[in-house]
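The block underneath contains the structure these notes are about, expressed in structure tokens.
Computed from heavy atoms alone, side chains included, the values below leave out hydrogens, waters and symmetry copies. Chain naming here is simple, since letters A, B, ... match the order of the sequence lines and numbering starts at 1 in each.
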Amino acid sequence: MATSQTEVKSQAIELSTEAFEAFCDDISGMFGVDMECSRQKVCAETIEGLKKRFRKLVAVNSVKAEGALGGTFQLVFDQEGLFTLAGVIVMLPEKRILENRKRGSAKEGEDMSDALAEAGNMLVGSWDRVFRERLDGHGHFVQTSTFIGNPWDKPEEKIGLAGDEEFVFVPYEMTIASYPAFNCGVIFPKTIFDGTFESESEQADPAEEEAQEKTEEKAQEQRVTAEKTDSEEPNTAPKGDSEKTKPQEPAVEKASIEKPAAEENNAEAAAKTKSKDIDTDVSDSAVEEKEVTTDGSKEQPVSETIRKIARSPAVLPGEPVCPATAENPAPGNTSVSLAICAKDIMQKDVVWAGPDDSVQQALTKMQQADAGFMMIGRDEVLEGVVSKSDITAAVSIYLRPVFAKWRRPLDDATLQIKAKWIMSRPVHSIKPDTLLVAIMENMCQLGRRALPVVDQHGKVQGLVTVFDIFKALLNSDEDISIVGKTLQAPALV
Amino acid sequence: MAKSLMIVDDSATMRKIIMRTVRMSGLDIDRTEEAGNGIEALEKLDAAPVDIMLCDINMPEMSGVELVKKVRELPSSVDTKIIMVSTESSQELIDDVIADGANGYITKPFTPEKFQEKLSPFMN
């Protein structure tokens, strides 16, 4: 539904009161002073009228508005207001504030410019918050300048108000602590209400629209590519089988064919997550997300490779390799994979924390090292292993940025949980010369996604994760291609 | 254990307000530094790292977001906890700075209690 200019104007005037009240609450809370305001009679005003109201020394914050209000409006404080507000913020003695209110000069006002700019910053912040919550179609308010002095001789040049224009002026009387009341107000140029807008239910977010268009275009492209591929490859097996038997084809594109754009978008996002999982050693929590969001067809290239390995005979270096036959085709060079040992694929730079370190400390170290697992112990003696999913399970969900609004001290307290309380014990480890197939068997049997590599002296040499195995397999099988790009893992807290 | 703190804000007034509010919060701070811009902050951090940095977002020359990225490149400051302080409160921006390496976010207006709540996890 289109909102009229009159409606926007009346809403803006009403919200001005709420916004000034929010500013009063903000200052009260931050500086421990009582602050109140009351609206006076709204009127049409000219520069001459404003000059009479505010005299020669004022503070004017110019605010650029985007959205339902379009243009620049001004928030103005009289001399008493500017010196009281600035004086309270910088904690001037009461006597000095009272003196400035009466006899303060433009020079003294200038000396307060930093404090007034901060007051303006907070004022605009309060306004933006209120309008964002209450006005449909509100975009953003940004403070563009703070003027201190006499603007009335050259209003256009100094504060951006045309001298011959008529404005909507919403005046307020404000009090701070026990100081006498002062005047302030908001000057709305009439043109600011011109930007009528469609309500949220009818007006799609332009960014969303653009994303939707791109998705649809991409889906269309993929449909065309798929059709072209199908027509160019008449000898491929029926569709269901072809997806299983053609690991070199990007699974993402196959999975997305014939799906609606929205579904395809989800599939693509999931596939991107997957491609990251294959490409880099990502967090354990990301693995869990993947397990929820991916279906069998998308896991196909890697699982097919593992099946190939299971079917293939173990061939050690130097042994003759059986020639390929129709029944037993050569599975790439996966025979080489089986000769790989833990020491060949392990991550040598492992992250350590002490058993008494907090989850917060552990998490910071893991984030800095971009590691999904952490060794817990003292003097390189391994006592346990902590994964990112252990941490995710231990800390409050309200620590995530998306829930910041509801975050409470008790949620922060979960960051103080000690590593030794959440680490996995007993620690199952492998030796540097444990073969790849044995590592995989161990992982399957133990249900572990990572195994520390420990030498004969009990010293940790490294860590092998499922992703290290994937990378080793991918490096040994050129039939597998990776699509998509890596994504930035979301911050946990 | 007492911690060291740096406040980075282009407004001297805001640095003093933050300093005063942190003191009122009762947090155990033994050394405080101030910097008026990102370059000054990096120079001071290079000379003497701090445990906690409170950083404005909208600053001339180098924004708070850029500063966070550069601080994370300083080997001496990998453990520094960075808390952004700003009137900007869009969730997108908060997510972005946290993804860039900040450890938390405080929106203005703030109170001593808010500093206590946000900084206490980093005080042990």
Take atom [atom1] in [X]; do more than 12 heavy atoms of anything else shown fall under 6.0 Å from it?
X	atom1	value
B:Arg20	CZ	yes
A:Asp349	CG	no
A:Glu36	CD	no
A:Asp356	CG	yes
A:Arg134	CZ	no
A:Lys64	NZ	no
B:Lys114	NZ	yes

Largest heavy-atom contact set with chain B, pairs under 4.5 Å, which of A:Ile89, A:Val90, A:Asp128: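 The residue among A:Ile89, A:Val90, A:Asp128 with the greatest pair count is A:Ile89.
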Is any side-chain heavy atom of [Y] closer than 4.5 Å to one of [X]?
X	Y	answer
A:Glu118	B:Lys108	yes
A:Arg129	B:Thr87	no
B:Lys81	A:Thr364	yes
A:Phe31	B:Ile17	yes

Proximity breakdown for B:Thr21 and chain A, heavy-atom pairs closer than 4.5 Å: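 Neither part; nothing is under 4.5 Å.
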Which portion of B:Asn58 sits near chain A, non-hydrogen atoms under 4.5 angstrom: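 For B:Asn58, there is no contact with chain A at all, as no heavy atom is under 4.5 Å.
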Output the distance between atom [atom1] ([X]) and atom [atom2] ([Y]), rounded to the nearest 0.5 Å.
X	Y	atom1	atom2	answer
A:Asn121	B:Asp56	CG	CG	7.5 Å
A:Gln361	B:Asp79	CD	CG	9.0 Å
B:Ile98	A:Gln367	CD1	CD	9.5 Å

Chain A contacts, top residue of B:Glu117, B:Gln116, B:Arg72 (heavy-atom pairs, under 4.5 Å):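 Of the candidates given, the most pairs with chain A belong to B:Glu117.
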Can you name the nearest heavy-atom pair linking [X] to [Y], along with the distance?
X	Y	answer
A:Asp114	B:Ala12	OD2-N, 3.0 Å
A:Ala115	B:Thr13	N-OG1, 3.5 Å
A:Gly29	B:Thr111	O-CG2, 3.5 Å

B:Pro121 backbone acceptor or donor facing A:Gln416 side chain under 3.5 Å: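 Confirmed, A:Gln416 side chain pairs with B:Pro121 backbone.
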